[in-house]
Amino acid sequence: MTVHQMVIRNGKIATAADVFTCDIGITNGKIVALGENLDGDEVIDATGKIVLPGGVDAHLHLDQPTGDGSVMADDFHTGTRSAACGGTTTVIPFACQQKGDTIRNAVNDYHTRAEGRAVVDYAFHLIVTETTDQVLGQELPALIEEGYTSFKIYMTYDALKLNDREILEVLSVARRDGAMAMIHAENTDCIAWLTDKLEQAGQTAPHFHGASRPQIVEREATHRAISLAELVDVPVLIVHVSGQAAIEQIRWAQNRGFRVYAETCPQYLFLTADDMEADNFEGAKCICSPPPRDKESQQDVWRGIENGTFQVFSSDHAPFRFDDPKGKKIGGTKADFKSIPNGVPGVETRLPLLFSEGVVKGRIDLRRFVELTAANPARIYGLYPRKGTIAVGADADIAIWDPHRTVEITNDILHHNVDYTPYQGIEVQGWPTTVLSRGTYVVKDGEYCGTEGHGKFLKCEKPDPAKPKGMGRMI
Ligand code: DUC
Ligand code: ZN
Ligand code: ZN
C-alpha cells in the first residue's frame, strides 16, 4: 500500500462543489490521493475539524510604493505571514506602473520586493496607469504571455486614473490577449468637486471622507465601467463594491447576460460610516475607498453574497499604521481627510469574519464560503485547479479549521505589521488552527511556524472567465 508523506485523516472536507469526509494523501507538496484509510508517514487527525482549500486573497496591497510619502507597513514577509495565520495560502497583490515609467520596471521592482520574503505563494496583478503605444502594443501582451494575466484600472486617484478612452484601449487589450480586467469604479470629478465643497465649508475631519464619495459616485462609475466593457465586449470585474447602488448596476448587467463579476470585502460587512467619526483622529483607521456605508448597506452586501451577485470576497488589505508619520498620520492629527492614506488592514481577519458571520450564522454554506474565498478567485485569475480546491493534482494548500474555537479579534493576536485592526473586539467563532502551504506547515496547532522564502511566484494562466461570451464559459 502506498505510504504518503502526510495524511490528513477524518476531516470534513469542503470544496466549492461538495462537502465530504475522507482522508487526503500528500506527497511532494501535492494532493496525490483522496480516499479511505490512507497511510502516511505523518498523520494529522482532523476529526471534528473542517478541512478547506487554503484561501486565495486576490486583492491586497503589500509593499506597494505610494505617491504621497506614506509607507505600507506590510511587506511580502509580514503580509503573507498574516495571510497564512488567517487561513490564506495564495495572495495576489499589485505591481503598479508609476506614471512615466514602464510596467516592466514595476514588475521587476515588485519581484525584487517579493523574492525570498513570502511565506505562501503569490502572483501579481498589474496596475496600468499609462496607455502608451508601448504599453498597449508590447508590454501588456508580453506580460500576459509571461503569466501576469490580470490588471487593475483606476477611474480615480490622480496618480493612477485612466480616462474613458484610455480604459477602452486597455479593455481592448484584455479582450485581444485574454486577460482579466479589474476596475476601481468611482467618479473622479464628482469626488474632486465634492471635496472642494467640503473644504470650502471647513468640513475636513476624517469622517467627511465618506461624504466626499457617496454611493452615487460609485454607482455612476460602475455603470460606466460596465458600459465600456459592453462596448468592447469583454468581461470585467468590479472590485471592492460597497453597497446597493453599485450592486444594482452589477445585477442589471448580469441579468442581461453580460460577464460582469464583482468583489466585495469585509469592511463593507463589518464597518459603517460611523466608524470614521471616532474621536482623536481614530476615525482615520477606517478610511478606505469606496468608504464603508451604513447598516442597511451591510445587509445589501450580505444579500449579494447570498444570492450570487458577488463572485469574490477579498480583503483589500491596505496596511497603513495609525500612529505613524508615514501612515495614517502623515499629515498630522488635524489633517484634512483627503491627505489620509486610504485603506484598512484585513488579510488575516478576512476568512474568520466571513466564516463566523456567514457560515456559522447560516447565511451561506461551506461550499459558497470556499467558492467566494478560494475557488472563484483562483478561477478568475488563472490559478485553478492548482489553487482554490482540494483535488488530486492540486497543490497541498490546506487550512484545517476548528469550527468551535471562539476568538476575540484584537490587534495583538494578529501577525501583520499594522498597529491596529478595524475589527478590534469582534468575537468570531471558527479559526484555522493548522495551515499547509504545498504540504509544509505554516501554522501548526494554532502557532505560526512558516519560513520566509518558502512562498513562490505563480504564473497565472489566461483565465476562462476572461473570455468574451461565446468564447468560453461563465464560472
Ligand atoms: N482603496 C483602494 O482602492 N485601494 C487601497 C485601499 C483603498 O481604500
Ligand atoms: Zn481600488
Ligand atoms: Zn485595493
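Counting starts at 1 for both ligands and their atoms, in listed order.
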Looking at His184, the N/O/S atom that lies nearest to the Zn ion (ligand 2) is called ND1
So, does Lys152 sit close enough to ligand 1 that a heavy atom of it is under 4.0 Å from the ligand?
yes
Between Asp164 and Arg224 (salt bridge meaning N to carboxylate O under 4.0 Å), is one present in this structure?
yes
Identify, for atom 4 (N) of ligand 1, the protein heavy atom at the shortest distance, and state residue, atom and that distance.
His61 NE2, 3.5 Å
Are more than 12 heavy atoms, taken from residues, nucleotides or ligands other than Glu296, located less than 6.0 Å from that residue's CD atom?
no
I'd like to check Thr78 versus Asp75 (side-chain heavy atoms, cut-off strictly below 4.5 Å). Are they in contact?
yes
Between His184 and ligand 1, is there a nitrogen or oxygen pair with a distance under 3.5 Å?
yes
In the protein, what heavy atom is nearest to atom 2 (C) of ligand 1, and what distance, to one decimal place, separates them?
Ser289 O, 3.7 Å
Of all N/O/S atoms in His240, which lies nearest to the Zn ion (ligand 2)?
NE2
Cationic tip of Lys456 within the cone over Tyr122's six-membered ring, i.e. under 6.0 Å and within 45° of the normal?
no
NE2 (His61) - the Zn ion (ligand 3) - OD1 (Asp316) angle, nearest 10°:
90°
Can you tell me if Lys152 has an N, O or S atom under 2.8 Å away from the Zn ion (ligand 2)?
yes
Are there more than 12 heavy atoms of other residues, nucleotides or ligands under 6.0 Å from atom CG of Asn307?
yes
